[in-house]
Every structure is written in structure tokens, then in C-alpha cells.
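These notes concern the structure reproduced below.
Chain A is the first sequence line, chain B the second, and so forth, proteins listed ahead of strands; every chain is numbered from 1. Note that this is a predicted model, so its numbers are computed, not measured.
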Amino acid sequence: MNYEEVMKLALERGFYFPSCEVYSDASAGFWEYGPSGVGLKNKFLELWRRELIRRDGMMEIDGSQIMSKSVFEASGHLGNFADPIIKCTKCNSTFRADRTIAEITNIEIPENADLIEFDNAIKENKIQCPKCKGNFSSTKKFNMMFKVGIGPQEEEAYLRPETCQSIFVDFPRLFKTMRGKLPLGIAQVGKSFRNEIAPRQSLLRLREFYQAEIEVFCNPGRLNDVEKFTEVENTVIRVQTDAEPISMTCKEALESGIVPNKFVAYYLGILTEFYEKTGIDISKSRFRKLGDKEKAFYAEVAFDFEVETTIGWLELVACNYRADYDLSSHAKMSKEKFEVMDNDEKVLPHVFEISMGIDRSLYTILEHSLKKDEEHERMVLSLKPYLSPIHVGILSLVKKDGLKEKTDEIFLNIKRKFDAFLDHSGAIGRRYRRLDEIGAPFAITVDHQTLEDNTVTIRKRDSMEQSRVNITEIDSILSGSVAFP
RNA sequence: GCGGAAUUAGUUUAGUCUGGUAUGACGUCAGCUUCCCAAGUUGAAGGUCACGGGUUCAAAUCCCGUAUUCCGCACCA
């Protein structure tokens, strides 16, 4: 299904909707999750924990969203996260100074150069607005971080533009107190904030968004010393270096040199295995190897995990080999020691990052799972059972003759263990359709036969098939069917 | 941020040119009916027509501003 269909479902069924929508001064780029969206998000994260955090023996932390100025001085965000911007005084259009100058004059000025350099280049080459030939204002820095003032002195601090900085600054303590051993993965789920110039397309470009980030700390001398690589060596990943993505096993990707070492190959492998279990169509995915110009300022090697949707390829995860960029910067700035012992060797660990955009992932899951069943005139959200906001609908075929009471009793017995939804009202077909739209994989219906022999029917969402089971079996059937893989 | 289009109930939509407080569908709720796939039937709730200002006896409708959404450009760690 396309963006519009997903949007309609999201609004009608409580997946997500605009923030503060009752006020007309609500800002762009802020959206909230409704009950169905939260259900899906929580289960997605539980899957993430199982497939990445627990599988690899990582630690998870939960850091502050507001962090001090020093953190971002060290991280480079205060310098590099800002673009040099010029504005046309006539038509008010905004341009990147470095790119506009390069386009018109072929003079390359690094984006973190002194602002006066841009101004001089504009003056000397008489650069005018490409749109209206107007004159440019002097160059300014536009920083995408939200600045906040702490306490009555309004001490300068920032909302984090990525969650991972807490992982870096917490690393020395975590390594010491949690008996760390390289390689060590530290993960965090939380919100990040970026003052996007043009937020758009609901969950795809937000100013306040969820990330699930993993930073794996490693000994740079032992990047091919990865025993667990055998677990994924035959896992097929799709990699794109130039024109088209190609399917290959992790082993082939490693041997061909496209992926630099076993360490990176292993994580690309388990990441693919995770996404496969979300129900996203992996045949529409690719790890796109980024060229020097596209990479973030801290990355040595970078792969974007992207998935094709009806609105194009979406970047869901950024995989960056950040080397010792972060730890050495924080060590220098804070004067703390970030080296650790790896066996008998003292090393400043390198970092491989798996930075996942949760909101975009959820959108993609919805788009890939939402299907139109023409034959039965219905929309079906074919979520994996373990990701569905509702596991099971508990329905009475009719309300009378004690069926309602029996249905209530069944609901009461399972509601703490499963996400169950009780529904008595309206035609049975409509109730099934409603459950189909929020992705509930099962519906249990109480009918007259239930009162005679204690059995109910259980309906499967995708096939619409029904079978009859004893009430005492419900728990074990559901437990097996909605369990994480 | 620039240019264009749009904004009417939970969703979708008529009405806007030609000013007189709004139409239909689906959905929701309650009842009747119905032992299995959006059925039938009776009834109900839900809109200060995005927000602010102006013109007018009167504004969803005309004018101005703002916000948001979508499309293109630009941006995107």
C-alpha cells in the first residue's frame, strides 16, 4: 500500500497523528503515537532487544536528552552539525554557502571554514542568487541542534541530536563497573531532536524522533578476530556499491572486500536477520555503501540500510565505523581516560555504530504489511503476530443466551497475559474486519456450541480460516502463536 | 527556507467562482434482528467549515496575515 493508505490507517486506527492538533500554532515535524502505534513500537523494540541486544550480550542504558555544551563541543556537533547558510535579500531563498559557491565558481571551501571566507568568495566572484539574481546576506551558521537554557542562569545546553553521545561519555564508568570486555555493545533507545529546516511526511522526517542506537566498542587490531561470525556467514545480505543492489552472503561480502572486516560483516548480518523478522520485505532492502562526500563527519566506513517503499528508498539505519573519533575527542575535552585493557593490551577502542530510526522503521513495517484483500473486500494489516498491537479479539457471536457472559469470562482469564480486545457489539463480520485492520492475528468467537461443549472458534487473520478448540487450549495456542521467534 | 496546490465531523467528501451558519458516504454509539465475515432495521451523537484579522446587514464562500499538509526545488549525520 502507498503512503496515503498508511496515513489513513494511522489516523483512523490510532497508530499516529499530528501533535497538538487542536491548536493552530502546532509546529511541523512533531507527531504522536496512539495506542496501536505504541503497541507496535513496544513490540518492535522488544524484538530489537532479543535479536541484537541479548543475542550479542550488549548492555542497554537510558541517558539524558539534555546534555551540556561540552559534550557537543567534543563531539563536533557544535562545529560540524551546522551548515553555512546564505540568504537572498530579495527573494529570501536560503542556500548552502559552500555548495552554491562551488556550483558557480568551482571554488571548494570546506563547510567548517571561517564564515568570512564564504563572504569573501561571494564578494570577489560577484555571486548572486541563482533564482532571482538578488544579493546575498552575509554567511550565517544554521545549527540543527535545539539550544536550551538550564536553571536561572540559562546555562547553555542542547537537546541531543543523536542518542549515542551518552553512550560515549558513559563508557568509562560502564566498562569499569559492569565488568566490560571488548568487544562490548552498548545500546540505547530514546528521543533525539533536530531542528530540521523542512520536516515532511509524518514519521519520516521529524524534529523529535526515536532512535535505537548501538555502539560496539572494539579493539581495532582484532577486527577479524570474531568467532561468532560463523553464525551469520551464510546469511544473505543485499549490498549496493554502485548501480544495483546485489544479494550475497556475509562471507562473500567479506571476501570480496566490500565489507572491510568480519566485525562489520557480523553486525550487518544480524541486523538483516532482525529486519527480516519485522516483516519488512528484505528483497527490497540494501546496504548502500556511502562515498566520502555522503558520509557523516565522524565516519570512516558507512553503510546505510535502506528499504524501498512507495515513496522511494528510505534510510532506516546508518551503520558507521566511527573509529576512535568519539572516544578520543571526549578524552581530550574531559581529560578523562577512555583507554581500557583488552587482554594484556591497553587500547582506545574503536566504535562501530548501528543507528536505527525507529519511526521510519515502523512506517516501513506498516507499508509493507498493509494489504488490500480484493476478494473479501477488506484491508488487512499482516503484521507478524508478535508485533501486533492486539494479539487476539475475543468476540461473542451474539450477545444473548449467556454468550456474552461466557465471552467476558474468557477475556478476563487471558487479558493480563495477552493483548486481547473484547467486543460484543455489531455484526460479527465487521468486528473481524476491524481486527484485521489493526493487525490482530487471531479472533476467538464464542457461539452456542461453546455452552454445550466448552469449545470456541479461532479465526486466523490472513486466511480467515476457523478451527474449533477447547477453551482450556486457548492459552497454550496463543502462547505459541504470538511468541517471539 | 523558496514556488505551487490544499485545509469542511474519526475518515472521505459536496458546497467556495455567483456571500444568507453545511451535503452525502463510510465509521462510531444505543436498541431490535442475526449461530460466522463490512448484511438488515430503528434511533442518536459528532462541525464555532485550520487559526487570526478585515470587508459586509450577513462570510465555509470575498480580501489580508499566520499555521499545517501535500507536490517540486533546496536541505537531510
Side-chain angles (χ1 to χ4, degrees), chain A residues 3-5 7-14 17-31 34 75-77 80-83 85-88 90-96 99-100 103 129-132 134 142 144-145 161-162 164-165 192 194-202 204-207 211 213 290 294-299 302 304 311 315 318 320 322 325 353 355 357 373 375-379 395-401 403 424-437 443 445-452 456-459 461 464-466 468:
Chain A
Y3 176 80
E4 276 175 13
E5 303 268 9
M7 197 65 227
K8 189 164 182 278
L9 177 82
L11 292 171
E12 280 183 339
R13 297 289 175 213
F17 45 86
S19 176
C20 311
E21 60 180 338
V22 299
Y23 289 106
S24 61
D25 65 347
S27 296
F30 300 93
W31 290 72
S75 73
H77 285 87
N80 291 314
F81 205 57
D83 295 332
I85 295 281
I86 43 176
K87 245 186 177 183
C88 172
K90 202 167 145 197
C91 73
N92 233 8
S93 294
T94 309
F95 299 89
R96 285 265 310 241
R99 298 205 184 170
T100 310
E103 267 168 36
C129 173
K131 277 192 186 161
C132 74
F142 176 72
M144 304 235 311
M145 284 195 293
E162 52 179 12
C164 61
Q165 291 306 323
S192 291
R194 293 181 192 173
N195 200 357
E196 294 283 352
I197 295 171
R200 209 166 276 189
Q201 290 176 315
S202 58
L204 306 182
R205 196 111 169 260
L206 294 159
R207 287 188 166 131
Q211 290 186 303
E213 292 198 293
L290 301 189
E294 274 187 294
K295 285 187 301 194
F297 60 86
Y298 45 67
D304 276 355
I311 46 174
E315 179 195 337
N320 295 308
R322 300 173 75 123
Y325 177 89
E353 162 182 82
S355 172
D373 179 355
E375 191 191 340
H376 300 102
E377 290 180 57
R378 58 176 190 152
M379 295 294 279
L395 317 176
S396 50
L397 189 57
V398 292
K399 265 183 271 192
K400 58 183 184 183
D401 302 332
L403 293 191
H424 293 299
S425 70
I428 190 75
R430 174 173 301 160
R431 282 179 276 163
Y432 287 145
R433 292 297 189 280
R434 252 193 309 246
L435 290 166
D436 291 340
E437 282 192 19
T445 306
V446 170
D447 56 20
H448 283 90
Q449 197 180 327
T450 307
L451 303 180
E452 291 163 21
V456 292
T457 63
I458 181 159
R459 170 191 183 267
R461 174 194 65 204
M464 298 170 73
E465 280 168 10
Q466 285 179 296
R468 196 159 266 283

| If you measure from the C1' atom in B:C35 to the same atom in B:U23, how many Å do you get, rounded? | 39 Å
Please tabulate the protein-to-nucleotide N/O contacts below 3.5 Å involving nucleotides 31-33 of chain B, giving atom names and distances.
none

| task | Indicate, with a heavy-atom threshold strictly under 4.0 Å, whether A:Gln466 touches base, sugar-phosphate, or nothing. | result | base
| note | Which of B:A38, B:C76, B:C36 is nearest the side chain of A:Thr445? It is B:C36
| task | With P as the reference atom in both, quote the distance from B:U8 to B:U69 in angstrom, rounded to an integer. | result | 14 Å
| task | Using atom CZ of A:Arg13 as one end and atom C1' of B:U11 as the other, report the distance to the nearest whole Å. | result | 10 Å
| field | Nucleotide of B:C37, B:C35, B:A39 approaching A:Ile428 most closely (side-chain heavy atoms) | value | B:C37
| Between B:G20 and B:A67 - C1' atom distance, rounded Å | 29 Å
| Proximity to the side chain of A:Ser24 - top-ranked nucleotide from B:A50, B:C37, B:A39 | B:A50
| field | A:Asp436/A:Arg459 salt bridge by N-O under 4.0 Å criterion | value | yes
| message | Only pairs with both distances under 3.5 Å count, Watson-Crick or wobble alike; so what is the partner of B:C32 in this structure? | response | B:G40
| task | For A:Phe17, answer base if it contacts any base atom (sugar-phosphate contacts may also be present), sugar-phosphate if it contacts only those atoms, and nothing otherwise; contact means non-hydrogen atoms under 4.0 Å. | result | nothing
| request: Among the candidates B:U12, B:C29, B:A39, find the nucleotide nearest to the side-chain atoms of A:Lys8. | output: B:U12
| said: With a 4.0 Å limit, can you tell me whether A:Tyr23 has a side-chain N or O closer than that to the phosphate oxygens OP1/OP2 of B:U68? | reply: no
| said: Could you check whether the side chain of A:Arg459 and the base of B:C37 have a donor-acceptor pair of N or O atoms closer than 3.5 Å, going by distance alone? | reply: yes
| request: Give A:Ala198 one of three labels, base, sugar-phosphate or nothing, depending on what nucleic acid heavy atoms sit under 4.0 Å from its own. | output: base
| said: Is there a side-chain contact between A:Gln449 and the phosphate of B:C36, meaning an N or O under 4.0 Å from OP1 or OP2? | reply: no
| Just checking A:Met7: base, sugar-phosphate only, or nothing, at a heavy-atom cut-off of under 4.0 Å? | nothing
| Candidates B:A30, B:G1, B:G10 - which lies nearest the side chain of A:Ile197 | B:G1
| message | For a quick check of understanding: with a heavy-atom distance under 4.0 Å over all strands, which category does A:His376 fall into, base, sugar-phosphate or nothing? | response | nothing
| query | For atom P, what is the distance between B:U34 and B:C49, given to the nearest Å? | reply | 44 Å
| Could you give the CG-to-P distance, from A:Leu451 to B:C35, as a whole number of Å? | 14 Å
| message | With rounding to the closest Å, how many angstrom separate the C1' atoms on B:A59 and B:U18? | response | 14 Å
| task | Please determine if a side-chain N or O atom of A:Arg430 lies less than 4.0 Å away from the OP1 or OP2 oxygen of B:A39. | result | yes
| said: In whole Å, I'd like the distance from the CZ atom of A:Arg468 to the C1' atom of B:C36. | reply: 10 Å
| Are the side chain of A:Arg207 and the backbone N or O of A:Phe30 linked by a donor-acceptor pair below 3.5 Å? | no
| Between B:C36, B:A39, B:C70, which nucleotide has the shortest distance from any of its atoms to the side chain of A:Tyr432? | B:C36
| remark: Quick note, A:Val398 side chain, CB onward, closest among B:C76, B:C35, B:A39 is B:C35
| Taking the same atom, P, in B:G4 and in B:C76, what whole-Å distance lies between them? | 24 Å
| message | Under 3.5 Å, is there any donor-acceptor pair linking the side chain of A:Arg200 to the base of B:C75? | response | no
| query | If you check the A:Ser27 side chain, which of B:C29, B:A38, B:U68 turns out closest? | reply | B:U68
| note | Among B:A39, B:U69, B:G1, the one nearest any side-chain atom of A:Trp31 is B:U69
| query | How far does the P atom of B:A60 sit from the matching atom of B:C73, given to the nearest Å? | reply | 38 Å
| request: Considering only atom P, compute the distance from B:A38 to B:A45 and round it to an integer number of Å. | output: 28 Å
| In whole Å, what is the span from the CG atom of A:Leu9 to the C1' atom of B:U12? | 15 Å
| task | Looking at every strand, decide which applies to A:Ala28 at a 4.0 Å heavy-atom threshold: base, sugar-phosphate, or nothing. | result | sugar-phosphate
| task | Give one of base, sugar-phosphate or nothing for A:Glu437, where a contact means two heavy atoms less than 4.0 Å apart. | result | base
| note | Among B:C29, B:A39, B:C37, the one nearest any side-chain atom of A:Arg433 is B:C37
